[in-house]
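Order of the sequence lines sets the chain letters (A, B, ...), proteins ahead of strands, with each chain counted from 1. The shown structure was predicted, so the numbers you read here are calculated from the model rather than taken from an experiment.
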Number of protein chains: 2
Amino acid sequence: MSSRKTGRIDALADALARRGVLHLREAAALLGVSEMTVRRDVGAHPERFTYLGGHIVSADDVAGGYELDREADSHAGAKLAACRHALRLIAPDDTIFIDCGSTLVHLAQQIPADLPLTAICYSLNVANCLAAKPNVRMILLGGIYHPASATFSSGEWLEPLGRLGINKAFISAGGVDVQRGASCSHFHEVPIKQKAIAGAIESHLVVDVSKFGLVKPAFFAKLSDFRSILTEEGARAAPVDA
Amino acid sequence: MSSRKTGRIDALADALARRGVLHLREAAALLGVSEMTVRRDVGAHPERFTYLGGHIVSADDVAGGYELDREADSHAGAKLAACRHALRLIAPDDTIFIDCGSTLVHLAQQIPADLPLTAICYSLNVANCLAAKPNVRMILLGGIYHPASATFSSGEWLEPLGRLGINKAFISAGGVDVQRGASCSHFHEVPIKQKAIAGAIESHLVVDVSKFGLVKPAFFAKLSDFRSILTEEGARAAPVDA
DNA sequence: CGAAAAATGTTAGAATAATCACATTCCGGG
DNA sequence: CCCGGAATGTGATTATTCTAACATTTTTCG
C-alpha cells in the first residue's frame, strides 16, 4: 500500500529528530508534497507525531513527561519542588549520581544548560534528559533493560561504578519508613543504589512526602545513610540513626 | 517587579511537566489570567517555553535533538531500503547486535512489535527505539556518552561484550573502500564494532551506496569480515578477500 | 488494457490564532 | 490620598490554520 508513504513518514521523523519542530509549510516543501498530504500523514501516525497548530513535533517530546507509572504525574508539582532543593546543592564541576524514577527525571530536566557537570545514571529517561545538556558529561551504566522502570541492571558492568568518584548522589525511593529505611519496587536497582551511596561523598534522598509511611518490596538504605532528605516541603537533615 | 509574575511562570512549568502540552485557553484558565497575559508570559521566557500555534510546550522538549550528522536524512530513503534487507535476515529469538548511526536507527525502528529478540546496542538513539518494542530484550553497553554520535564508549564495560553470544551483527560505516575496508568517524567506536564482529556468528554491513568510495579517519574492518553488504540496491555477498 | 480503489491535490468557507491600539487595574512612593 | 508607571484586560482587525467536499492522479489487479 505504501512504500512511498512509509518513506515520507520516515523522512519526517528524521527531520524532526534533527530540527525539533517543523512547520507544516516546511515539511510540505521538504517532502515535496502538498500541505494537505503532510497533514494526513501526521494525523495517521499519532503515535509518532504530535501536531500542534501548524507545527509538527515528535510525539515522545511531548509525551506528557515520562510517566513511568500512572502515579508519575500525580505529584509532579511536589516532585518538581523537591528537585529544586536538590538543584541548589549542585555546584559547577561536581560529579553527581542521579537515581532512576520520575522524581529524578525532573531533576535532570532542570539542570541549567550552562552548568558543567559529570553525571552518572542508569535510567534511560534520565539519560535522555542529560543527553540534551551540552555541558553535562554523562556516564550511563548499561546492562539489561528493564521496561517497567526504564532502567538497566548492571550485572557485570556494576563493578566499575565503585571506581567512579561521586561527589553527590541523589537517590529516590518508592517508600520511606523511619524504622526500616528507604525501599523501592525493583530488586535489580538495589545494588546500584547501594554502590552509589557507598561511593558518594554525600547522598541525598529526594522524594515527595506522599512516600512517607509507604513500604516497597526492596529495602536498600537506612535513612541515616543520607545527609539530607529533600521533599517539596524543604530540606531536612536525615535522622542520625535508624 | 514580578513576584506574582514569577509565580505564574513556575505554575506554568509545573503544569507542563505534568501534562506535556497546554493549550493557551487551558493555561489562562489554570492561572486565572487572560489569554493575552499567558501569551506575554510565554513570549517573555523563550528559554523555558516554546509556543506553537496556541499551544505551550516545555522548551527542552523541542530542543532539536540528535543530529548525528548533517547528512542524516539526505539518504533516508536509501537507508530505509537497506534496512529492509537487514530485517529479512532476522529470525525470532535471535540475538542481534545493532551498531550506531542513523542507518541502523531505521533498522531498530522497523523491528516488528511481535518479533521476540535479544538486541545489543550502544547508541542512545537505537536504545530509545528498542525500548519501545515490548518483545525485545535490550542490552545497552554503557559508558561515557559522546554527543557527536549519541553513542557510549564502553571502556571498562567493554570486556563483557565478548561473553555475549551474538547471532547476527548489523554494522554501519561512514565510508566503504574496497581495498582498505570499512571506516567510521569516531575512534571510540572501533573497539566496540570489532568486538561485536569478532563475537558474532555472522556480520552484515548495512550502508547506503553513497558511502562507497568514502574514507573516514578510523578503519575498523575488512570487507571480507562481513558475510554480506546490504544497501538499498540489494544484498550482495562481501568480497571473499580484501 | 481498463476499471476500481487508494492516494494526492485544490479550493473555498468556517474556525482559530496573532497583533495592535487603547482601556483598565494594581502597586509603591511622594 | 493621589500620582505615575507597570501589568493586565478588551475588542476590532488581520493573518493563519482547519475542515470537508470534490477533482485529479497514481496504483492495483482482474
Side-chain angles (χ1 to χ4, degrees), chain A residues 1-16 19-59 61-62 64, chain B residues 1-16 19-59 61-62 64 73 76-85 87-88 106 109-110 112 232-234:
Chain A
M1 64 144 190
S2 49
S3 67
R4 185 168 50 248
K5 195 165 176 175
T6 328
R8 275 207 316 260
I9 300 291
D10 216 75
L12 241 194
D14 280 11
L16 277 181
R19 305 254 329 247
V21 205
L22 218 50
H23 192 278
L24 186 59
R25 231 187 308 284
E26 306 173 273
L30 188 68
L31 302 179
V33 295
S34 76
E35 300 185 7
M36 190 70 230
T37 301
V38 177
R39 221 191 284 267
R40 286 195 265 240
D41 282 353
V42 171
H45 295 270
E47 77 285 1
R48 298 186 64 179
F49 307 110
T50 302
Y51 186 66
L52 296 175
H55 304 265
I56 307 163
V57 198
S58 165
D61 279 358
V62 187
Chain B
M1 64 145 191
S2 50
S3 67
R4 187 168 48 251
K5 196 166 176 175
T6 326
R8 278 208 313 262
I9 301 291
D10 278 342
L12 244 193
D14 282 13
L16 276 181
R19 306 257 326 248
V21 205
L22 217 51
H23 190 278
L24 186 59
R25 232 187 305 285
E26 306 173 272
L30 188 69
L31 302 179
V33 295
S34 77
E35 300 186 6
M36 189 71 230
T37 301
V38 177
R39 223 191 281 267
R40 286 195 264 239
D41 282 353
V42 171
H45 294 271
E47 77 286 0
R48 299 185 64 177
F49 308 111
T50 301
Y51 185 66
L52 295 176
H55 305 264
I56 308 163
V57 289
S58 164
D61 279 359
V62 188
D73 72 333
K79 290 173 178 179
L80 206 61
C83 287
R84 270 194 271 277
H85 297 294
L87 260 183
R88 270 200 288 276
H106 286 133
Q109 279 182 333
Q110 303 227 315
E232 69 269 34
E233 296 174 352

**Report entry** Inter-residue atom distance I56(A).CD1 - R39(A).CZ, 0.5 Å rounding
**Finding:** 9.5 Å
Query raised in the report: If only side-chain N and O atoms of R25(B) are considered, is one of them under 4.0 Å from the OP1 or OP2 phosphate oxygen of dT16(C)?
Result: no
**Report entry** Spacing between H23(A) atom NE2 and dA18(C) atom P, to the nearest angstrom
**Finding:** 11 Å
Query raised in the report: With side chains defined as the heavy atoms from C-beta onward, is the minimum distance between D41(A) and F49(A) less than 4.5 Å?
Result: no
Requested in this report: Check every atom of dG9(C), dT19(D), dA17(C) against the side chain of T37(A) and return the nucleotide holding the closest atom.
Outcome: dG9(C)
Query raised in the report: L52(A) CG to dT16(D) P: how many Å, rounded?
Result: 19 Å
Report task. Kindly say if R8(A) contacts the phosphate of dT8(C), meaning a side-chain N or O under 4.0 Å from OP1 or OP2. Result -> yes
Requested in this report: Would you mind reading off the distance between E35(B) atom CD and dT8(D) atom P, rounded to a whole angstrom?
Outcome: 15 Å
Requested in this report: Quantify the bending of the helix from dC1(C)-dG30(D) to dG30(C)-dC1(D) as the angle between its end axes, each fitted on five pairs, to 10°.
Outcome: 30°
Requested in this report: Find the distance H55(B):NE2 to dA18(C):C1' and express it as a whole number of Å.
Outcome: 14 Å
**Report entry** Selected nucleotide, minimal atom distance to R39(A) side chain, candidates dT8(C), dT19(D), dA18(C)
**Finding:** dT19(D)
Requested in this report: Only counting residues at least two apart or in another chain, list the ones meeting side-chain hydrogen bond (donor to acceptor under 3.5 Å, both in side chains) with E35(B).
Outcome: none
Query - Smallest separation among heavy atoms of V38(B) and A28(B), with atom names - result: CG2-CA, 3.7 Å
Query raised in the report: Quick one: which of L22(B), V21(B), V42(B) gives a side-chain contact (heavy atoms from CB on, under 4.5 Å) with V57(B)?
Result: V21(B)
If you restrict it to nitrogen or oxygen atoms, what contacts under 3.5 Å exist between nucleotides 10-12 of chain D and the protein, and what is each distance?
none

Report task. Indicate yes or no: at least one non-hydrogen side-chain atom of R48(B) is less than 4.5 angstrom from one of L12(B). Result -> no
Query - Rounded distance [0.5 Å steps], CG in L24(A) versus CG in L52(A) - result: 12.0 Å
Query raised in the report: Between dA17(C), dT17(D), dG9(C), which nucleotide has the shortest distance from any of its atoms to the side chain of Y51(B)?
Result: dA17(C)
Query raised in the report: How long is the gap from NE2 on H45(A) to CZ on R40(A), to the nearest 0.5 Å?
Result: 13.5 Å
Query raised in the report: Quick one: L24(B) CG to dG9(D) P, roughly how many Å, whole number?
Result: 12 Å
